[in-house]
Engineer: 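Structure in structure tokens, see below.
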Amino acid sequence: MVSHKHRCIFIHISKCAGTTVEEAFGVDTTGDAQMGYGWNPDLGIHMQHATPDELLTSGLVSKAQWETYYKFIIVRNPYARAYSDYAWVMLNGDVWGPFGDFIGAKGAFKKRLNVRSVDYMGEHLRSQSEYFLLAGAPVAYDQVIRLESAKAGFATLCEALNLPEDFFKSSANVNKKKLQNEIMTGKVITLRDLTNISQLNRNGKQETISTPQ
């Protein structure tokens, strides 16, 4: 997301409170090409989940803007994020299957996570570390917010951008009642899945997040 009004760039990793941020800045989440939301057929991605490389390649943000605008990103415990991405894809993509199939982009998830069309959901398998690189070099964000301490992070962000204290409002992007029903029927990730570290991403390695200094 880019807000020229507030001279800031937000890099949206899936299932890291991104919609809350975008709506607060006035992004039209039904489609807002000017601020970076919606399907980009040339890049084959939804722009709200663009990496820094993709954001600049698209032309939405210039090099000068990237270097001068306030840049921030929200990260999340990768275990919790994997669960949330899995549940979100099932609920919103209407595809159901075991966690291993989701992580491997196979079975019922194969089309949704591989075919580059407006229905593509493959961004939900991207490693958070991809969003910390630009042309192979570490990105020096002005602020990295951890979802687990988002309230404090948003307070700091409001101060940095001179925003009202109540600029960010909580929102629920998942139908919790429906999700609870799916958990009870065994369709959603199990505790055994969560303890299997090798399933957290495609290459079988545990994901870690390092913040460039």
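Any value given below was found using the heavy atoms of this structure, including those in side chains, with hydrogens, waters and symmetry copies removed. Predicted model, so just to flag it, every value in this text is computed and none were measured.
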Engineer: Kindly indicate whether the side chain of Phe132, heavy atoms from C-beta on, has any atom under 4.5 Å from the side chain of Ile11.
Structural biologist: no

Engineer: Tell me which pairs pass side chain to side chain donor-acceptor pair (under 3.5 Å) where either residue lies in residues 48-57, with sequence neighbours left out.
Structural biologist: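 Listed by first then second residue: Thr51-Glu54, Glu54-Arg126.
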
Engineer: Which heavy-atom pair separates Ser58 from Leu43 by the least distance, and what is that distance?
Structural biologist: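 Answer, listing the atom of Ser58 first, then Leu43: CB-CD1, 3.8 Å.
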
Engineer: Under 3.5 Å, which donor-acceptor pairs do the side chains of residues 149-158 form with other protein atoms, sequence neighbours left out?
Structural biologist:
unit_1 : atom_1 : unit_2 : atom_2 : d
Ser149 : OG     : Arg146 : O      : 3.4
Thr156 : OG1    : Ala152 : O      : 3.2

Engineer: Under 3.5 Å, side chain of Thr68 to main-chain N/O of Ala64, donor-acceptor pair present?
Structural biologist: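 Yes; judged by distance alone, with no hydrogens or angles, the pair exists.
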
Engineer: Please check: side-chain N/O of Glu22 versus main-chain N/O of Thr29, any donor-acceptor pairing under 3.5 Å?
Structural biologist: no

Engineer: Under 6.0 Å from the CD atom of Gln34, do we count more than 12 heavy atoms belonging to anything else shown?
Structural biologist: no

Engineer: Rounded to the nearest 0.5 Å, what separates atom CD in Glu123 from atom CG in Leu113?
Structural biologist: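 One gets 9.5 Å once the value is rounded to the nearest 0.5 Å.
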
Engineer: Evaluate side chain to side chain contact (heavy atoms under 4.5 Å, CB included) for Val95 paired with Phe102, printing each intermediate quantity in order.
Structural biologist: CA-CA 10 Å; Val95 290; Phe102 166 70; over 6 Å; no

Engineer: For the residue pair Phe72 and Tyr70, does the interplanar ring angle fall in the parallel (under 30°), tilted (30 to 60°) or perpendicular (over 60°) class?
Structural biologist: tilted

Engineer: Determine whether Ile45 and Arg116 make a side-chain contact, defined as any pair of heavy atoms from C-beta on separated by less than 4.5 Å.
Structural biologist: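 The answer is yes, as the side chains (C-beta and beyond) meet within the 4.5 Å cut-off.
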
Engineer: Would you confirm whether Asp101, through its side chain, and Ala108, through its main-chain N or O, come within 3.5 Å as a donor-acceptor pair?
Structural biologist: no

Engineer: Which other residues end up in the same hydrophobic cluster as Tyr120, if Ile, Leu, Val, Met, Phe, Trp and Tyr are linked when side-chain heavy atoms come under 4.5 Å apart?
Structural biologist: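 Other cluster members: Trp39, Val118.
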
Engineer: Find the distance between CG (Leu60) and CD1 (Ile9) and round it off to the nearest 0.5 Å.
Structural biologist: 8.5 Å

Engineer: Just so I know, are the side chains of Met1 and His12 near enough to count as touching, which here means a heavy-atom distance under 4.5 Å?
Structural biologist: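 Side-chain contact under 4.5 Å: no.
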
Engineer: When rounded to the nearest 0.5 angstrom, what distance separates SG in Cys16 from CD1 in Ile145?
Structural biologist: 11.0 Å

Engineer: Quick one: are the ring centres of Tyr83 and Phe99 less than 6.0 Å apart?
Structural biologist: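 No - the distance between ring centres of Tyr83 and Phe99 does not fall below the 6.0 Å cut-off.
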
Engineer: Looking only at heavy atoms, which two atoms of Tyr141 and Tyr131 are closest? And how far apart?
Structural biologist: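 Scanning both residues completely, I find the closest heavy atoms to be OH-O, 2.5 Å.
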
Engineer: With a 4.5 Å cut-off on side-chain heavy atoms, are Phe109 and Leu125 touching?
Structural biologist: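 The answer is no; the side chains never approach within 4.5 Å.
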
Engineer: Can you see which heavy atom on Lys106 is nearest to which on Gly100, and at what distance?
Structural biologist: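 Looks like CE-O, 4.1 Å.
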
Engineer: Indicate yes or no: at least one non-hydrogen side-chain atom of Tyr86 is less than 4.5 angstrom from one of Ile103.
Structural biologist: no

Engineer: Kindly give the heavy-atom pair with the smallest separation between Ile74 and Ala17, and that separation in Å.
Structural biologist: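 For Ile74 and Ala17, the tightest heavy-atom pair comes out as CD1-CB, 4.3 Å.
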
Engineer: Keeping Arg112 on the side-chain end and Val89 on the backbone end, is there a donor-acceptor pair under 3.5 Å?
Structural biologist: no

Engineer: With a 6.0 Å cut-off on ring centres, are Tyr69 and His4 close enough?
Structural biologist: yes

Engineer: Show your working on side chain to side chain contact (heavy atoms under 4.5 Å, CB included) between Met47 and Leu55 and close with a plain yes or no.
Structural biologist: CA-CA 8 Å; Met47 285 301 296; Leu55 203 59; 4.0 Å; yes

Engineer: What I'd like to find out is whether the side chain of His124 reaches to under 4.5 Å of the side chain of Ser84, using heavy atoms alone.
Structural biologist: no

Engineer: Is a side-chain donor or acceptor of Arg81 paired with a backbone partner of Ser14 at a separation under 3.5 angstrom?
Structural biologist: yes

Engineer: Between Phe25 and Leu163, is there a side-chain heavy-atom distance shorter than 4.5 Å?
Structural biologist: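 Result yes, sub-4.5 Å side-chain heavy-atom pair found.
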
Engineer: Distance from Lys111 atom NZ to Asp119 atom CG, nearest 0.5 Å?
Structural biologist: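 Those atoms lie 7.5 Å apart.
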
Engineer: Give the minimum heavy-atom separation between Val139 and Pro52, together with the two atoms involved.
Structural biologist: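 Nearest pair, atom of Val139 first, then Pro52: CG2-CG, 4.2 Å.
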
Engineer: Does the Glu148 side chain pair with the main chain of Asn77, one donor and one acceptor, at a distance under 3.5 Å?
Structural biologist: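 Checking the backbone N and O of Asn77 against the side chain of Glu148, a donor-acceptor pair under 3.5 Å is found.
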
Engineer: Look at the side chain of Lys71 and the backbone N and O of Trp66, then say whether any donor-acceptor pair between them is shorter than 3.5 Å.
Structural biologist: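 Confirmed, Lys71 side chain pairs with Trp66 backbone.
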
Engineer: Taking all atoms of both residues into account, what is the closest heavy-atom pair of His46 and Ser117, and its distance?
Structural biologist: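 Nearest heavy atoms, His46 then Ser117: CE1-O, 4.5 Å.
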
